[in-house]
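Single-structure report; data block below.
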Amino acid sequence: MAIVAAMAVPHPPIILPEIGRGEEKKIAKTAAAYREVMRRAADLEPDTVVITSPHATMYSDYFHISPGKQARGDFSAFRCPEVEIEAEYDVAFAKALADACAEEDLPAGFLGEREPALDHGTMIPLYFLQSALKKPVKVVRIGLSGLSADVHYRLGRLIQDTAEKLGRRTVFIASGDLSHKLKEDGPYGFAKEGPVFDEAVTEDLGKADFLSLLTISPDLAEGAAECGLRSFWIMAGALDCQRVHAELLAHEGTFGVGYGVAYFTPEGEDDARDIGRQLIDAETQAIAKVREQEDAYVRLARESLETFARSHTMLPVPKDLPEDLQDRRAGCFVSIKKDGRLRGCIGTLAPGRRNLAEEIICNAVSAGMHDPRFPQVTPDELPKLVYDVDVLSEPEPIDSPKELDVKRYGVIVQNGERRGVLLPDLAGVDSVEQQIAIARRKGNIGAKEKVTLWRFEVTRHV
């Protein structure tokens, strides 16, 4: 058992007296919990501390492990350059972890460092830890990624394996705040998802319910503007197949950002806590249920992309389709999601094909292969994709935003040849003002430029 303890901790600079200048007293419970978990960690006399930070180098499809022998940083960005933190890296651990990731075809390593200096998500845990340590400890610093929960968990498992292989007494620190949208007067405002997210995550951390933590709704996490969830996912993997004693020591949202402190003590092997396998099984069952409930529109979109991704040929229009698909002409949008997040979306406002079936076939392939925001879908991804098909009514011009309803109508904004489109009833779009603003951005139209507005309705197939 080389992982001797793990913790989830926040990283608000204001918690440091040198920066807070008295304001840190408003989160005294968080600070006291921070000191307590670091005292416990120091008492274990670890050889290595692994820190995952949302503010280290981060890529959408790669985990960056900080290279080199050492690093330093300060809090100049928070008007406190005199507070400096230094860390000696565990070079052997970092290399062994990178090698293990390469063997497992997990995208992680030393490539692409943009800023060698320590980030505040790393420095704040070290600030508290170093003041409690009886002897110096080496550090491994890892950035997060935009990859799925199961990949983050796998990285955690490889961290556990590396610690065991090297015989390192290792403490894992998952650095990350909770929601950033807990108060109207907070720095990021309020969203209804904020308190819900904080309640769910702190309950999961307090119970070590890692499967629940790994399957939190992506829409909830995005709406809450969370910071540390992926850090917590990696930590869960580092405790894979371990019986865990969990303790939530503090949770505060004084400044409109959620700060949680939780501590985890491994208590021996427990095959029943193979959470990674449980996660995969749960995802497989969920996808199977989605497939069972597909209607002809969604099935056609899925089979179109699957055919093209595997054979690079277009799916012929099936002969057994409902009359609406064979005889009707209409614009449509095909949206593709993976792990609850958008993977591609392409559509047509007006029909350009002989019938709706051809419209769906072409737009499904375009959504998977030609959405400029995403790389092309690969055959390996196909089993995890889910599809929506929105069939559009003919757009109608309107004179005022008062004629819009974000739940009922999509919107088209146009200025000259520039045009932005947004579908109705989208997660996180709660007002007409938001809807128009997003459509403007999509069309590269300035906030004060005059626009012509259209509205349309959709029939959504999911």
Side-chain angles (χ1 to χ4, degrees), residues 294-305 307-308 314-319 321-337 342-374 377 387-426 429 432 434-446 449-462:
E294 287 178 341
D295 66 9
Y297 299 78
V298 174
R299 186 180 306 111
L300 181 61
R302 175 175 60 80
E303 291 177 351
S304 301
L305 181 56
T307 298
F308 192 89
M314 299 296 289
L315 177 75
V317 176
K319 295 180 180 180
L321 294 174
E323 289 184 4
D324 185 61
L325 284 167
Q326 298 184 63
D327 300 337
R328 181 182 176 189
R329 299 183 73 235
C332 74
F333 276 72
V334 176
S335 302
I336 305 168
K337 290 185 177 180
L342 187 66
R343 183 63 180 83
C345 179
I346 293 290
T348 46
L349 296 173
R353 306 287 172 176
R354 289 180 298 179
N355 54 33
L356 181 53
E358 287 191 0
E359 207 80 34
I360 291 173
I361 289 170
C362 293
N363 289 347
V365 171
S366 294
M369 296 296 173
H370 304 304
D371 188 327
R373 298 169 293 179
F374 304 97
V377 167
Y387 303 76
D388 295 348
V389 177
D390 289 317
V391 181
L392 277 61
S393 68
E394 183 176 350
E396 58 177 347
I398 58 174
D399 297 324
S400 166
K402 293 180 180 179
E403 298 178 65
L404 290 171
D405 179 330
V406 293
K407 296 297 182 183
R408 179 179 178 183
Y409 296 113
V411 67
I412 304 167
V413 299
Q414 184 165 348
N415 178 291
E417 296 183 355
R418 292 173 294 159
R419 183 170 62 182
V421 182
L422 199 67
L423 296 172
D425 198 18
L426 297 178
V429 182
V432 169
Q434 279 182 288
Q435 188 183 42
I436 293 175
I438 295 170
R440 280 179 176 272
R441 290 198 295 271
K442 293 180 71 174
N444 196 28
I445 301 171
E449 293 186 79
K450 291 184 178 180
V451 293
T452 305
L453 297 175
W454 284 265
R455 70 183 184 185
F456 58 90
E457 295 183 89
V458 304
T459 302
R460 179 157 293 165
H461 302 264
V462 297

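Everything quoted here is computed from the prediction, not taken from an experiment.
Among the candidates L404, V458, V432, the single residue satisfying the side-chain contact (heavy atoms from CB on, under 4.5 Å) test with Y409 is L404.
Two residues are said to be in side-chain contact when any heavy atoms from C-beta on lie closer than 4.5 Å; W454 and Q414 meet this criterion. Taking the side chain as every heavy atom from C-beta outward, L423 and F456 approach each other to under 4.5 Å. M314 places none of its side-chain heavy atoms less than 4.5 Å from the side chain of T307. The shortest distance between side-chain heavy atoms of I445 and V413 falls below 4.5 Å. For the pair P318/L300, a side-chain contact is recorded, criterion being any heavy-atom separation below 4.5 Å from C-beta on. Residues D425 and V406 form no side-chain contact, since every pair of their non-hydrogen atoms from C-beta on lies 4.5 Å or further apart. Using a 4.5 Å heavy-atom cutoff, the side chains of L453 and P401 are in contact. Residues V298 and D388 form no side-chain contact, since every pair of their non-hydrogen atoms from C-beta on lies 4.5 Å or further apart.
Taking OG from S304 and CZ from R299, the interatomic distance works out to 12.0 Å, rounded to the nearest 0.5 Å. Interatomic distance, L392 CG to T459 OG1, rounded to the nearest 0.5 Å: 9.0 Å. Here the CD atom belonging to E358 is positioned 11.5 Å from the CG atom belonging to L325, to the nearest 0.5 angstrom. With values rounded to the nearest 0.5 angstrom, L426 atom CG is found 10.5 Å from Q434 atom CD. Rounded to the nearest 0.5 Å, atoms CZ (R441) and CD1 (I436) are 12.0 Å apart.
When atom types are taken as modelled, the side chain of N415 and the backbone of R418 share no donor-acceptor pair closer than 3.5 angstrom. D371 contributes no side-chain N or O that, together with a main-chain N or O of G344, makes up a donor-acceptor pair within less than 3.5 Å. No donor-acceptor pair under 3.5 Å is formed between the side chain of E294 and the backbone N or O of Y387. Under the 3.5 Å distance criterion, the side-chain polar atoms of R440 are matched with a main-chain donor or acceptor of G446.
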Audit row: L356, V391, side-chain contact (heavy atoms from CB on, under 4.5 Å) steps and yes/no: CA-CA 9 Å; L356 181 53; V391 181; 4.0 Å; yes
Let me see the working for K407 and D405 under salt bridge (Lys or Arg N to Asp or Glu O under 4.0 Å), right down to the final yes or no. CA-CA 5 Å; K407 296 297 182 183; D405 179 330; over 6 Å; no
Y297 and I360: CA distance, side-chain angles, deciding distance, side-chain contact (heavy atoms from CB on, under 4.5 Å) verdict: CA-CA 8 Å; Y297 299 78; I360 291 173; 3.9 Å; yes
Does the salt bridge (Lys or Arg N to Asp or Glu O under 4.0 Å) test come out yes or no for R354 and E359, once each step is laid out? CA-CA 8 Å; R354 289 180 298 179; E359 207 80 34; over 6 Å; no
Under 3.5 Å, side-chain donor or acceptor atoms of residues 327-335 against the rest of the protein: list the pairs with distances, not counting sequence neighbours.
from, atom 1, to, atom 2, distance (Å)
R329, NE, R353, O, 2.8
R329, NH2, R353, O, 3.2

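Applying the salt bridge (charged side-chain N to carboxylate O under 4.0 Å, His left out) definition to pairs two or more places apart or across chains, those involving residues 451-462 are D390-R460, E396-R455, R408-E457.
Within 6.0 Å of CG on D295 lie more than 12 heavy atoms contributed by other residues, nucleotides or ligands.
Among all heavy-atom pairs drawn from A364 and L305, the shortest one is O-CD1, 4.0 Å. Minimum heavy-atom separation, Q435 to V411: CG-CG1, 3.6 Å. Of all the heavy atoms in A357 and L321, the pair that sits closest is CB-CD1, 3.7 Å.
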